[in-house]
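The analysis underlying the following values was restricted to heavy atoms, covering all of them including side chains, and did not include hydrogens, waters or symmetry mates. Source: prediction; values computed, not measured. Indexing begins at 1, ligand by ligand and atom by atom, following the structure's order.
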Amino acid sequence: MKVMLINGPNLNLLGRREKSIYGTMTLADIENHAAARAEALGIDLVIFQSNHEGEIIDKIHEASTLGVTGIVINPGGYTHTSVAIRDALLAVSIPFIEVHISNVAGREAFRQKNLFSDIAAGTISGLGPIGYILALEALHELLGSKAR
Ligand code: CA2
C-alpha cells in the first residue's frame, strides 16, 4: 500500500509561528511521526510539501505513475480557493483524506468555503497533528478492506 502525504502552503512554518492556532510541532515532527506510523502499518509513505499550487498539482499527477493508492492532504489556504487542485484530485481518481490541524468550522467565514470536503473520502479537522495519523489509519482500513 502506497500513500502520499501532501501539505500545502505555509505549513512549513508549523511550530514556529501562530502556535496558539497550529500548535508547537514542526512539519518535520509531523512527517517523522507519520513516517513511523506508516512503517508500523506497512504503508510506503511518500512525503511532500509545497507553497506552490502548480507543484502540488504536478505531485498529484505523479502519484498516479508512482502507484499511490491513497492520499492524505492538507491543502492549507488552497482549501478555500483551488479549483485546480480539486480538479487534479478528481483527475487521478485516487481516494484522499483531507486533514486540517485547526477546527476550520469554528473559524472565519471565508474558511467555510471548502473545495475538497465533498469529494474527499473523509475530512479530519481540529484534532491537531494527530489528524494526520488518524488519516493514515483510516486509509489503511479503507484500502485494506478493499483489497480483502
Ligand atoms: O487548519 C489547517 O490545517 C489549515 O489547513 C491551515 C491553513 C488554513 O488556511 C486553513 O484554513 C486551515 C493555513 C496554514 C498556515 O500554516 C501556518 C503554520 C504556522 C504558522 C503560520 C501558518
- Task: Quick one: list whatever passes side chain to side chain contact (heavy atoms under 4.5 Å, CB included) with K19, sequence neighbours left out.
- Result: T24
- Query: Can you list, by chain and residue number, every protein residue with a non-hydrogen atom closer than 4.0 Å to ligand 1?
  - Reply: P9, N10, L11, L13, L14, R17, E18, Y22, N74, G76, G77, H80, H100, I101, S102, V104, R111
- Query: Considering residues at least two apart in sequence or located in another chain, which fulfil the side chain to side chain donor-acceptor pair (under 3.5 Å) criterion with R16?
  - Reply: none
- Is a side-chain donor or acceptor of S102 paired with a backbone partner of G126 at a separation under 3.5 angstrom? no
- T79 and E98: CA distance, side-chain angles, deciding distance, side chain to side chain donor-acceptor pair (under 3.5 Å) verdict: CA-CA 9 Å; T79 304; E98 176 194 2; 4.9 Å; no
- Step through the shown structure and confirm whether more than 12 heavy atoms of other residues, nucleotides or ligands are within 6.0 Å of NE2 on H33. no
- Task: Applying salt bridge (Lys or Arg N to Asp or Glu O under 4.0 Å), name anything that partners E18, two or more places apart in sequence or on another chain.
- Result: none
